[in-house]
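What follows is one structure encoded as structure tokens, with my remarks underneath.
In what follows, every heavy atom counts, from backbone to side chain, and hydrogens, waters and symmetry copies are set aside. Remember, predicted model here, so these are calculated numbers, not experimental data.
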Amino acid sequence: RQALGIVRILRGRGEWSLPIDTLVNKAAAIYGGDLGFTFEVMHLILGRLSNLLIEEGHRTEVVNAVSSLKGKRDYQITSLCAKVEALSQIVDQPDFAEIAVAAKRVLNILRQAEDKLSLDVSMITRPAGAGPTEEAERALAEALPRIKAQVAECWAEGDHIGAFRALARLRPEVDAFFDTVRVMDEDETKRDFRLALLAEFRAVFLDIADISQIAVEQS
């Protein structure tokens, strides 16, 4: 009940920039509590937020796509709600399906690469002096920074749906990349460049939501 009260207060005070982790860590510093305890409290509060959003009519998979990110997490209540609301508005539209399908393709190949190489591909960086050797590879490498900037601009302006639609513009480059480029090339330099490129794309959409969790019909 107290966790739900915190969620409602922070949600109602959109002008407050107070992430949950900051709030809980401050309370732990005052009242005492180890690292494991603070994570439990944060998990509890975010769980109450997820339940509240689902009760309000948002699809469970949409809420989970926003709230269950691994690695970089968003602990700002108003930001999490904005992402869920934006996803709920666009999830059944064709342009969302475009980016969701692309995201699934990228995540699948990265997971396969991690299994094969026994490493976290997010730790792979573009090899020094390496560059694209295929046209589709070059197109994706050139499009990524532009789309990343558009996503950041949309989000800063509060145009959350626009951010998802900006991501969707990468679908042609991602499809062409997978159709013509061999990611797991025998040449380690080519392989690492391509894996790093896909990991950069993954990082762009995971900053908003793990949209690969949402089922869509492929066209």
Side-chain angles (χ1 to χ4, degrees), residues 1-24 27 38-108 147-148 150-171 174 201-219:
R1 190 162 57 242
Q2 291 172 332
L4 187 57
I6 291 172
V7 166
R8 284 175 168 153
I9 290 172
L10 292 178
R11 193 179 180 189
R13 293 284 186 173
E15 72 276 13
W16 289 2
S17 179
L18 184 59
I20 289 297
D21 55 340
T22 300
L23 178 66
V24 173
T38 58
F39 275 117
E40 274 188 46
V41 174
M42 285 188 285
H43 180 74
L44 173 66
I45 295 173
L46 292 176
R48 292 297 179 271
L49 173 63
S50 294
N51 291 340
L52 180 61
L53 290 168
I54 292 169
E55 288 172 4
E56 290 176 352
H58 296 286
R59 284 160 52 175
T60 300
E61 60 181 350
V62 168
V63 175
N64 288 342
V66 171
S67 64
S68 64
L69 292 180
K70 297 179 180 179
K72 183 174 181 180
R73 293 294 304 269
D74 187 347
Y75 292 108
Q76 176 67 266
I77 295 293
T78 52
S79 175
L80 289 167
C81 290
K83 291 175 183 179
V84 169
E85 289 164 3
L87 255 182
S88 293
Q89 292 181 56
I90 199 174
V91 68
D92 292 320
Q93 298 181 18
D95 46 4
F96 175 80
E98 294 288 304
I99 188 56
V101 170
K104 291 176 191 292
R105 296 191 75 178
V106 170
L107 286 179
N108 285 338
I147 297 300
K148 184 176 181 179
Q150 291 175 7
V151 170
E153 182 179 358
C154 287
W155 202 256
E157 294 176 350
D159 182 9
H160 309 125
I161 293 178
F164 287 109
R165 287 182 170 150
L167 277 173
R169 298 187 191 110
L170 274 175
R171 171 74 187 277
V174 172
F201 170 69
R202 178 178 66 177
V204 173
F205 72 78
L206 284 183
D207 278 350
I208 302 178
D210 184 359
I211 52 182
S212 68
Q213 293 194 34
I214 300 175
V216 297
E217 292 186 7
Q218 298 191 34
S219 58

Check your understanding: Is a side-chain N or O of Asp210 found less than 3.5 angstrom from the main chain of Leu206, in a donor-acceptor match?
Key -> no
Point to revise | Check: Val66 main-chain N/O paired with Lys83 side-chain donor or acceptor under 3.5 Å | key: no
**Study point:** Nearest heavy atoms of Leu10 and Thr78, plus distance in Å
**Key:** O-CG2, 3.8 Å
Check your understanding: Between Ala166 and Val151, what is the shortest heavy-atom contact and its length?
Key -> CB-CG2, 4.0 Å
Check your understanding: Charged N to carboxylate O below 4.0 Å: is that the case for Arg8 and Glu56?
Key -> no
Can you measure from [atom1] ([X]) to [atom2] ([Y]) and round to the nearest 0.5 angstrom?
X	Y	atom1	atom2	answer
Leu87	Glu61	CG	CD	9.5 Å
Ile20	Met42	CD1	CE	9.5 Å
Leu52	Cys81	CG	SG	7.5 Å
Leu167	Arg169	CG	CZ	9.5 Å
Ile214	Thr60	CD1	OG1	11.0 Å
Leu80	Ser50	CG	OG	8.0 Å

Exercise for review: Side-chain contact test, heavy atoms from C-beta onward, threshold under 4.5 Å: evaluate it for Leu107 versus Phe205 and give yes or no.
Suggested key: yes
Practice item. Given side-chain contact (heavy atoms from CB on, under 4.5 Å), test Cys154 with Phe164 step by step and report yes or no. Key: CA-CA 9 Å; Cys154 287; Phe164 287 109; over 6 Å; no
Point to revise | All ring pair (Phe, Tyr, Trp, His ring centres under 6.0 Å) counterparts of His58, not counting sequence neighbours | key: none
